[in-house]
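Scroll down for the structure; my scribbles are underneath it.
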Amino acid sequence: MSTIKSKILTAIQSRKINIFFLFFVLAFAILVLTKLSKTYTNTLVFTVVPKNIPEEIIILNDSSHQLNVTLKAQGFKWLKYYLNPPQIMVDFKTDVTKVDSTYVWSRAQGFSSINEQFSKEIALESVNPEQLIFFYDENAVKYVPVQPQIKLSFSPGYDIMETVATDPDSIKLIGPESLLQKIAYVKTRKLELKDLNKRYSELLPLNLDSIHPKIKVSEKAVGLSLDVKKFTEGTKEIPVEVINVPKHKTLKYFPKSIIITYYTSLENFNAIKKTDFRIVCNYADLKENSTFLTPKLTKVSEKAKTVRLHHEKVEFIITQ
């Protein structure tokens with residue numbers, strides 16, 4: 001019996017506590033609702049956000065602009081300003097005037113525009129300061145090359161003919177000239193591709209981390225296309241030409257021709273001809289007391305890659 005009595009007393013006490021908390025919550029809710037239903041006048045700091053800024057200008061110090069706005073409203077209406085950072089839009093088409101090298105917002109000109117940003121249940125009492133000054137810089141345009149940050153490796157016997165490039169290979173930057181002067185190029189994000197053996201294409205994001213937020217960028221990504229093909233090695237024997245020999249001298253040189261080795265795609269192999277190459281030795285480049293000329297490739301087939309000469313010296317004697 002004592003155990004049963006103890007359980008009954010515990011249940012009663014617990015029920016009393018639950019009822020107490022219930023009435024406490026109800027009383028607190030009524031108090032909050034009563035407070036929020038009252039009308040309050042308060043001043044908040046609003047961050048100014050410019051809009052409709054002319055494309056040819058950049059606002060230099062917009063992040064520091066703030067307005068002290070005094071409002072009169074019910075407590076319910078105040079909640080959103082305490083939950084989210086308050087902002088005021090300043091329209092550069094209607095709310096500001098260009099004065100010398102600045103744009104000026106005045107309370108007299110912009111008050112009605114600010115008032116329209118609040119609902120009818122909120123009364124706009126005052127706005128301070130009387131003026132905001134926006135300093136700006138003229139926009140300049142600069143085209144800079146894109147530098148691909150790509151590491152490639154191919155399956156055996158595969159390669160690409162062209163140099164790795166992006167589409168487009170340059171992008172347009174718009175911003176203050178003082179900032180654009182510091183930018184010589186824009187890099188892509190790093191990309192590593194292995195064992196390539198077929199055509200590859202994708203959009204490659206640009207690395208814009210170092211670009212100042214005041215600068216507008218025409219592209220955020222560029223196209224990358226790699227025409228991967230089967231490659232093979234070819235050889236050709238090309239005659240050697242000697243130029244700029246003085247008229248009073250006659251040269252005999254050896255070898256008269258040099259074998260070259262090159263790399264090309266299978267589809268271009270039969271299209272490459274001897275006449276697509278030219279090897280020249282320039283007598284005017286001859287160093288004093290030297291007994292050999294240096295052959296140079298002055299013409300290379302567009303279809304050939306990694307061309308190599310089998311001889312790097314052409315010996316000669318002067319017979320006259």
For E130, which residues count as a salt bridge (Lys or Arg N to Asp or Glu O under 4.0 Å) partner, sequence neighbours excluded?
-> R107

Where P255 and V314 come nearest, the two heavy atoms and their spacing | O-CG1, 4.1 Å

Provide the full list of salt bridge (Lys or Arg N to Asp or Glu O under 4.0 Å) pairs with a residue in residues 96-106, sequence neighbours left out, each pair given once.
-> none

Run the side chain to side chain contact (heavy atoms under 4.5 Å, CB included) check on I317 and F254 step by step: do they pass?
-> CA-CA 9 Å; I317 58 172; F254 179 83; over 6 Å; no

With sequence neighbours excluded, tell me which residues meet side-chain hydrogen bond (donor to acceptor under 3.5 Å, both in side chains) with N207.
-> R189

E125 and T41 side chains, donor-acceptor separation under 3.5 Å | no

Transitive ILVMFWY cluster of Y185, excluding itself - 4.5 Å side-chain cut-off | none

With sequence neighbours excluded, give me every salt bridge (Lys or Arg N to Asp or Glu O under 4.0 Å) pair touching residues 272-287.
-> E241-R278

Give me the ring orientation class for F134 and H65: parallel if the planes are under 30° apart, tilted from 30 to 60°, perpendicular past 60°.
-> tilted

Under the side-chain hydrogen bond (donor to acceptor under 3.5 Å, both in side chains) test, residues paired with T306 that sit two or more places apart = none

Test: K256 cationic atom under 6.0 Å from Y253 six-membered ring centre, within 45° of axis = yes

Would you please name every residue forming a salt bridge (Lys or Arg N to Asp or Glu O under 4.0 Å) with E237, sequence neighbours left out?
-> none

Using side-chain hydrogen bond (donor to acceptor under 3.5 Å, both in side chains) as the criterion, list what pairs up with S210, not counting sequence neighbours.
-> none

Counterpart residues, side chain to side chain contact (heavy atoms under 4.5 Å, CB included), relative to L286 (two or more places apart) | Y283, S290, L293, F316

Among pairs that include at least one residue of residues 209-242, which meet ring-ring contact (aromatic ring centres under 6.0 Å, His included), considering only residues two or more places apart or in two chains?
-> F231-Y263

Just jot down the side-chain hydrogen bond (donor to acceptor under 3.5 Å, both in side chains) partners of Q181, sequence neighbours excluded, or say none.
-> none

Between side-chain atoms of residues 157-179 and protein atoms elsewhere (two or more places apart, or another chain), which donor-acceptor pairs fall under 3.5 Å?
from, atom 1, to, atom 2, distance (Å)
D159, OD1, K305, NZ, 3.0
E162, OE2, D227, N, 3.4
T166, OG1, P168, O, 2.8

Should Y103 and I53 be marked as a side chain to side chain contact (heavy atoms under 4.5 Å, CB included) after you check the CA-CA gap, both sets of side-chain angles, and the distance that decides it?
-> CA-CA 11 Å; Y103 282 89; I53 301 173; over 6 Å; no

